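Here the structure comes first, spelled out in structure tokens, and everything after it is commentary.
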Amino acid sequence: MLQDTVNPPLARADRLLKCASVFSFAAIAVGQLIFILYIILFYVQSAFSGRFEAWNKVLPRGYVAGDTVGNTMTGSHIFLAVAIMLCGLIQLIPTIRQHAPRLHHWSGRFYVISCVLTSLVGLYMVWTYGRSNRLFQHLGISLDAVLIIVFAALTIKYAIARKFTIHRRWALRLFMAASAVWFFRIGLMFWIFIHKGPVGFDVKTFSGPFLSFLSFADYLIPLALLEIYFRAKDGSSVIFKLSAALLIVVASLAMCVGIFVASMGLWLPRMF
């Protein structure tokens, strides 16, 4: 009798959708771990060796002699990024949620607090030290910061209410928004790869229409794909599930290209 109620095409579509989501998470995890290693070996190592000026090779305003407040903000922003990405990945691993709930809970608290603090620091840096020719980039970063704070509040709200299904979905939204800095880099490197060079922006001023677009797209596109995944997972349409799975796989493959190009062109050369 049970077999009569099973819809084989729907079950296969669900499996494919799940496989697509696992593939996407694996790609993000590998890419972010490489980025974390880069931050540790370049920024943190430079800081501990007293070579703060090395940050200026990458950041337009990385280190300014005598600017204690600005340098503290920059440093805290960089170092918190490592903690945020590590804790974010920990939050998304089901095995840790199931078998190490205390680690999940405490790393989750730290993650949410760090996301909010980093967003506030980022807002301060953008509107205090940002260049005037990057208004749309500042607006994109600011909207992302606001979304991170809102998503963090909703993540906590539903965790306290013990509505864990809703809580996990807001946590995933928070993860996507908090990963915008990383998505920006791989999106930029994918764009440069497919165009065989910088198109739509000026390398010297780091401004232009494409960068203005990417400042919003680096979190709005991942969030849109996540919402499509939620709708497909909850729905009963085989076509929609298969289409969502295909879209996620294509986006993940593009992401893999961006990760590879960023790793070879930006991160690995500065690690050693």
Side-chain angles (χ1 to χ4, degrees), residues 24-49 51-64 71 73-86 88-89 118 121-122 125-126 129-131 134 137-138 140-141 144 175-219 221-222 251-272:
S24 182
F25 171 71
I28 290 173
V30 170
Q32 291 199 357
L33 287 173
I34 296 173
F35 188 51
I36 289 168
L37 185 61
Y38 156 68
I39 292 175
I40 293 173
L41 292 180
F42 179 70
Y43 289 100
V44 179
Q45 188 179 62
S46 299
F48 279 111
S49 62
R51 297 182 297 105
F52 291 98
E53 65 279 359
W55 296 0
N56 296 326
K57 296 178 182 179
V58 180
L59 301 175
R61 191 186 173 92
Y63 175 77
V64 179
N71 293 333
M73 289 289 183
T74 302
S76 62
H77 194 68
I78 292 169
F79 298 148
L80 277 175
V82 175
I84 286 173
M85 282 188 285
L86 280 175
L89 293 175
T118 303
V121 171
M125 292 172 61
V126 162
Y129 299 107
R131 297 182 181 179
R134 300 179 185 174
Q137 292 184 49
H138 299 343
I141 294 170
D144 183 43
F175 176 80
M176 292 300 186
S179 298
V181 171
W182 181 79
F183 282 123
F184 183 94
R185 282 160 173 76
I186 63 170
L188 177 61
M189 297 311 292
F190 176 76
W191 177 264
I192 291 174
F193 174 78
I194 62 175
H195 288 91
K196 308 302 180 185
V199 174
F201 68 97
D202 186 285
V203 177
K204 293 182 179 179
T205 62
F206 207 66
S207 62
F210 175 71
L211 295 183
S212 298
F213 162 78
L214 190 59
S215 297
F216 290 89
D218 57 4
Y219 56 92
I221 290 178
S252 299
L253 290 173
M255 186 168 57
C256 288
V257 173
I259 292 169
F260 177 78
V261 177
S263 298
M264 300 305 295
L266 293 179
W267 302 332
L268 291 177
R270 296 192 178 106
M271 288 184 191
F272 310 103

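Just so we're clear, the structure is a prediction, and the values are computed from it rather than from any experiment. The chain is numbered in sequence order, starting from 1.
Taking both residues in full, the closest heavy atoms of Gln137 and Ser215 are given as CG-OG, 3.2 Å, listed atom of the first, atom of the second, then distance. Contact record, Ala27 with Ile259: O-CD1, 3.3 Å, taken as the closest heavy-atom pair. Heavy atoms only, all atoms of each residue included: Trp267 and Gly31 are closest at CZ3-O, 4.0 Å. The minimum heavy-atom distance linking Ala217 with Pro222 is given by the pair O-CD, 3.4 Å.
If you take CE on Met264 and CD1 on Ile34, they are separated by 10.0 Å, rounding to the nearest 0.5 Å. Remark: Phe25 CZ to Ser252 OG distance equals 12.0 Å, nearest 0.5 Å. Rounding to the nearest 0.5 Å gives a distance of 9.5 Å between NE2 of His195 and CZ of Phe190. To the nearest 0.5 Å, the span separating OH on Tyr38 from CG on Leu266 amounts to 7.0 Å. Rounded to the nearest 0.5 angstrom, Leu214 CG and Arg185 CZ are separated by 10.5 Å. If you take CZ on Phe213 and CG on Asp218, they are separated by 9.5 Å, rounding to the nearest 0.5 Å.
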Worksheet item: How far apart are the C-alpha atoms of Trp182 and Ile28, what are their side-chain angles, what is the distance that settles it, and do they pass the side-chain contact (heavy atoms from CB on, under 4.5 Å) test?
Response: CA-CA 9 Å; Trp182 181 79; Ile28 290 173; 4.2 Å; yes
Worksheet item: For Leu188 and Leu211, what are the C-alpha separation, side-chain angles and deciding distance, and is it a side-chain contact (heavy atoms from CB on, under 4.5 Å)?
Response: CA-CA 8 Å; Leu188 177 61; Leu211 295 183; 3.9 Å; yes
Worksheet item: Would Thr118 and Ile84 count as a side-chain contact (heavy atoms from CB on, under 4.5 Å) if you check the C-alpha gap in whole Å, the side-chain angles of each, and the deciding distance to 0.1 Å?
Response: CA-CA 9 Å; Thr118 303; Ile84 286 173; 3.1 Å; yes
Discussion item. I'd like to know whether Met255 forms a side-chain contact (heavy atoms from CB on, under 4.5 Å) with Phe183, so could you lay out the CA-CA distance, the side-chain angles of the two residues, the decisive distance to 0.1 Å, and finally the verdict.
Written reply: CA-CA 8 Å; Met255 186 168 57; Phe183 282 123; 3.8 Å; yes
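Ring orientation note: the planes of Phe201 and Phe206 are nearly perpendicular, at an angle over 60° on the 30°/60° scale.
Looking only at side-chain heavy atoms (C-beta outward), Phe175 and Leu89 come within less than 4.5 Å of each other.
Cation-pi geometry between Lys196 and Phe193 is satisfied (NZ or CZ under 6.0 Å from the ring centre, within 45° of the ring normal).
Annotation: Phe210, atom CZ; neighbour count of heavy atoms from other residues, nucleotides and ligands within 6.0 Å is above 12.
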